[in-house]
Amino acid sequence: MSRQGIKHWLDRFVDRLLATGKKRFVISGGMAISGPIHIGKLRGEVIYPSGIARALRRAGKEVRHIVVVYTQDPLKAKERLVPRSFINEWSGVRILDVPDPWGCHENWVEHFFEPYMKHYEEYGITATPIMTHEIYKDRRMVETVRFFIKNRERAREILNRYKGGKLGPGWFPVRPLCKKCGNIRTTKILDYDGEKGLIRYMCPRCGHVGEARLSDVKLEWRAEWVALWNVLEVDVELYGKDHAAAGGSRDSCNELYRKLFGKEPPMGFPFEWVSLKVDGRSLEMSSSGGIVFTMDEWLEVGLPEVLKYWYYVMRPMSHLEFDPVHGVPHLHEEYSRAERIYFGLEEPADPDKIIDIRRAYELANDDKVPPKPPFQAPYTLLAVISQIIPSTENVDAAIEKLRQTGHLKDELEEWEVARLARLLRKAYTWVKRYAPKHYRVEIREEADPAILERIGEDGVKLLKEVETLLKDWEGRDAVKLEEELYSKIRGLGLSPKKGFRILYMAILGRGSGPKLAPLILAVGPRKIASILGRYVEVAAHGL
RNA sequence: GGGCCCGUAGCUCAGUCAGGUAGAGCAUCCGGCUCUUAACCGGAUGGUCGUGGGUUCAAAUCCCACCGGGCCCGCCA
């Protein structure tokens with residue numbers, strides 16, 4: 001079987017785009033602000049299009065990459081996200097006019113979109129955000145709205161073939177925005193003056209009767225999608241699996257665009273969603289439902305390129321399940337492996353995968369790969385180290401640890417130190433917030449009889465000696481303390497291995513752990529002494 | 001009714017598009033430091049690849065049917 005012509009899935013799609021012979025492309029993605037912007041949302045609407053945009057530019061094409069932000073949408077939050085009373089009060093109102101439930105921003109849109117604006121550059125996203133409430137003011141959009149209203153019977157006919165005749169006669173493809181209360185979901189059209197471009201409406205929410213211009217409306221969403229294609233001249237747009245079903249919204253929109261506007265719809269492909277594993281259950285991420293792992297939350301524990309690598313190395317229709325507990329270290333290890341493969345330091349199990357892995361690595365790095373393989377340390381190792389150094393800000397201490405463990409042999413360049421510092425803080429946050437118990441360095445407060453049983457009489461003797469040693473210990477010299485511990489162990493005729501095992505059992509409840517002397521100093525010798533003292537007491541007097 | 005995804009080691013998942021005879025991490029167990037721990041190194045244990053057919057020299061991979069889980073098609077990407 002020839003391996004020539006095997007390409008990453010994204011490049012195969014780009015080949016299809018290039019085959020059209022077009023010189024310039026507009027690539028669009030959509031961003032609803034129904035709640036927090038989560039990492040699943042980024043996948044098909046922002047990250048994949050970013051990779052496509054770069055690939056097209058590399059092929060010499062002119063590319064405009066935009067993200068359409070749906071600010072002209074009504075509120076449709078669910079109770080998991082905001083209180084029932086808030087929903088009752090604001091449901092159906094344009095989110096731009098809904099206050100921030102937490103009171104820290106101008107309005108609903110600001111509250112949820114600000115984190116995106118704050119972080120999108122860190123994710124390497126270069127797409128230009130475009131707000132729909134601003135597009136509606138655009139002359140071309142007004143003309144498109146007018147066109148839709150004029151051709152509403154034709155549009156109804158086409159859509160009804162997909163919706164089972166649900167749209168009744170007299171249907172209008174728009175909802176006016178209520179001037180008085182911001183309702184944009186349930187306003188009723190009383191009259192339309194095509195000459196003046198005015199819609200008379202009644203608002204059931206506040207009772208207001210008024211007139212709306214064609215810039216103060218929202219198109220029914222299928223019509224809106226098509227109108228945006230028309231106005232923004234979109235050539236490429238991917239679509240979520242909800243739109244992908246045969247006879248679903250994308251199909252009907254394509255037909256609407258062809259028949260009504262006589263244009264070819266954008267090229268694209270469907271992509272799957274990302275679900276979130278919470279307490280062993282897997283739930284689809286949902287902005288409006290408040291089931292989310294946000295862009296910020298990811299940045300607190302992971303490198304952006306790691307998330308991007310995951311998305312690019314997986315095919316778009318794979319359903320991904322994100323598990324903050326295991327997934328974070330796992331994805332970082334996968335990324336490190338890809339990095340080694342990219343730089344030829346390791347062979348993948350399946351040689352064919354090299355192409356996908358290398359390309360996904362490039363894409364994850366926005367086609368700007370590091371000049372040489374960066375220093376790598378296992379994520380979970382950093383998580384442990386981060387807990388036993390004086391502070392996660394102290395990168396030098398971490399570097400020292402990594403030298404001790406033999407992970408680090410060469411001198412680090414400045415950018416590698418910066419990278420390590422970033423990852424160290426993230427690993428620390430992860431271990432505190434999500435990690436399973438065995439990654440946590442947790443000091444036992446109580447004397448456990450089962451452990452006492454296991455360490456035996458010699459063990460108790462050792463604990464007593466070490467307790468005495470630590471009770472009055474002064475200074476921060478780890479090497480000196482280590483020597484003392486060692487001599488206590490030897491003094492009792494125990495092997496170091498066994499002796500340390502006993503101490504770890506008593507202090508951490510397990511047979512091993514971080515290097516002991518620095519750990520004791522970090523925790524405080526007197527605290528450790530009192531723990532050991534409790535064991536000695538229980539051994540002497542029982543419970 | 002139509003469409004999609006998943007089912008692979010105790011756990012979390014790669015591998016399916018481009019068929020070559022099962023992988024990784026974690027967990028468990030064993031061994032290795034004549035100044036100690038393992039977070040390192042080496043090794044082991046561990047899988048009817050959901051089930052049954054078919055195509056093929058060859059199937060986790062392609063085709064068909066079925067079982068189990070999740071989802072979409074009513075304004076959450």
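We name chains A, B, ... by the order of the sequence lines, and we start the count at 1 in each one.
- Ring centers of F13(A) and W9(A): at least 6.0 Å apart, outside the cut-off.
- Contacts of H38(A) with the nucleic acid, taken as non-hydrogen atoms under 4.0 Å apart, include base atoms.
- Taking atom P on both nucleotides, A60(B) is separated from G54(B) by 15 Å, rounded to a whole Å.
- Across A65(B) and G2(B), the matching P atoms stand 12 Å from one another, rounded to whole Å.
- As rounded to the nearest Å, A22(B) and G3(B) have P atoms that lie 35 Å from one another.
- With sequence neighbours excluded, the residues forming a side chain to side chain donor-acceptor pair (under 3.5 Å) with D73(A) are K76(A), K218(A), listed by chain and number.
- A heavy atom closer than 4.0 Å to some atom of RNA chain B occurs in M314(A), R315(A), M317(A), H319(A), E321(A), these being the qualifying members of residues 311-322 of chain A.
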Which pairs, protein N/O on one side and nucleotides 24-32 of chain B N/O on the other, fall under 3.5 Å?
residue	atom	partner	partner atom	Å
A24(B)	O2'	R337(A)	NH2	2.3

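- Remark: the separation of the P atoms in G31(B) and A39(B) is 15 Å, to the nearest Å.
- In terms of position on RNA chain B, the residue among R222(A) and W9(A) whose nearest nucleotide sits closer to the 5' end is W9(A).
- Under the 3.5 Å distance criterion, the side-chain polar atoms of H332(A) are matched with a main-chain donor or acceptor of V328(A).
- Qualifying side chain to side chain contact (heavy atoms under 4.5 Å, CB included) partners for R358(A), counting only residues two or more places apart in sequence or in other chains: Y342(A), I354(A).
- Atom name P, nucleotides C4(B) and C49(B): the rounded distance is 25 Å, in whole Å.
- Legend: residues meeting ring-ring contact (aromatic ring centres under 6.0 Å, His included) with H65(A), ordered by chain and number and at least two apart, are absent.
- Going from the P atom of G46(B) to that of A14(B) covers 25 Å, rounded to whole Å.
- Here the side chain of S287(A) pairs no donor or acceptor atom with the backbone of I37(A) at under 3.5 angstrom.
- G30(A) comes within 4.0 angstrom of no nucleic acid atom, judged by non-hydrogen atoms across all strands.
- Between the side chain of E237(A) and the backbone N or O of M267(A) there is no donor-acceptor pair closer than 3.5 Å.
- Annotation: side-chain hydrogen bond (donor to acceptor under 3.5 Å, both in side chains) contacts involving residues 308-318 of chain A, sequence neighbours excluded, comprise K308(A)-D366(A).
- Across the P atoms, U8(B) and U61(B) are found 14 Å apart, a figure rounded to whole Å.
- When heavy atoms are screened at a 4.0 angstrom cut-off, D356(A) is found touching base atoms of the nucleic acid.
- Between Y309(A) atom OH and A14(B) atom P there is a gap of 12 Å when expressed in whole angstrom units.
- Atom C1' of nucleotide C76(B) and atom CE of M31(A) are separated by 13 Å, given to the nearest angstrom.
- The gap from the P atom of A18(B) to that of C5(B) amounts to 14 Å, rounded to the nearest Å.
- Within the structure, salt bridge (charged side-chain N to carboxylate O under 4.0 Å, His left out) pairs that include any residue of residues 316-331 of chain A comprise K277(A)-E321(A) (at least two apart or interchain).
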Output a table of nitrogen or oxygen pairs between the protein and nucleotides 60-63 of chain B separated by less than 3.5 Å.
none

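- Paired regions of RNA chain B, where each region holds three or more successive Watson-Crick or G-U pairs whose two hydrogen-bonding distances fall under 3.5 Å, are B:1-7 with B:67-73, B:10-13 with B:23-26, B:28-32 with B:40-44, B:50-54 with B:62-66.
- Under the side chain to side chain contact (heavy atoms under 4.5 Å, CB included) criterion, E297(A) pairs with F293(A), T294(A), Y434(A), sequence neighbours left out.
- Checked against the 6.0 Å centroid threshold, W298(A) and Y123(A) do not count as a close aromatic pair.
- Remark: side-chain polar atoms of S386(A) are paired, donor with acceptor, to backbone N or O of A383(A) under 3.5 angstrom.
- A straight line from CG of L75(A) to P of C75(B) spans 16 Å, rounded to a whole angstrom.
- Applying the side chain to side chain contact (heavy atoms under 4.5 Å, CB included) criterion to L345(A), with sequence neighbours excluded, gives R340(A), F343(A), P373(A).
- For the side chain to side chain contact (heavy atoms under 4.5 Å, CB included) test, residues two or more places apart in sequence or in another chain that qualify with T71(A) are V69(A), L96(A), V109(A), M131(A), T132(A), H133(A).
- Panel note: side chain W430(A), backbone P324(A); a donor-acceptor pair is recorded below 3.5 Å.
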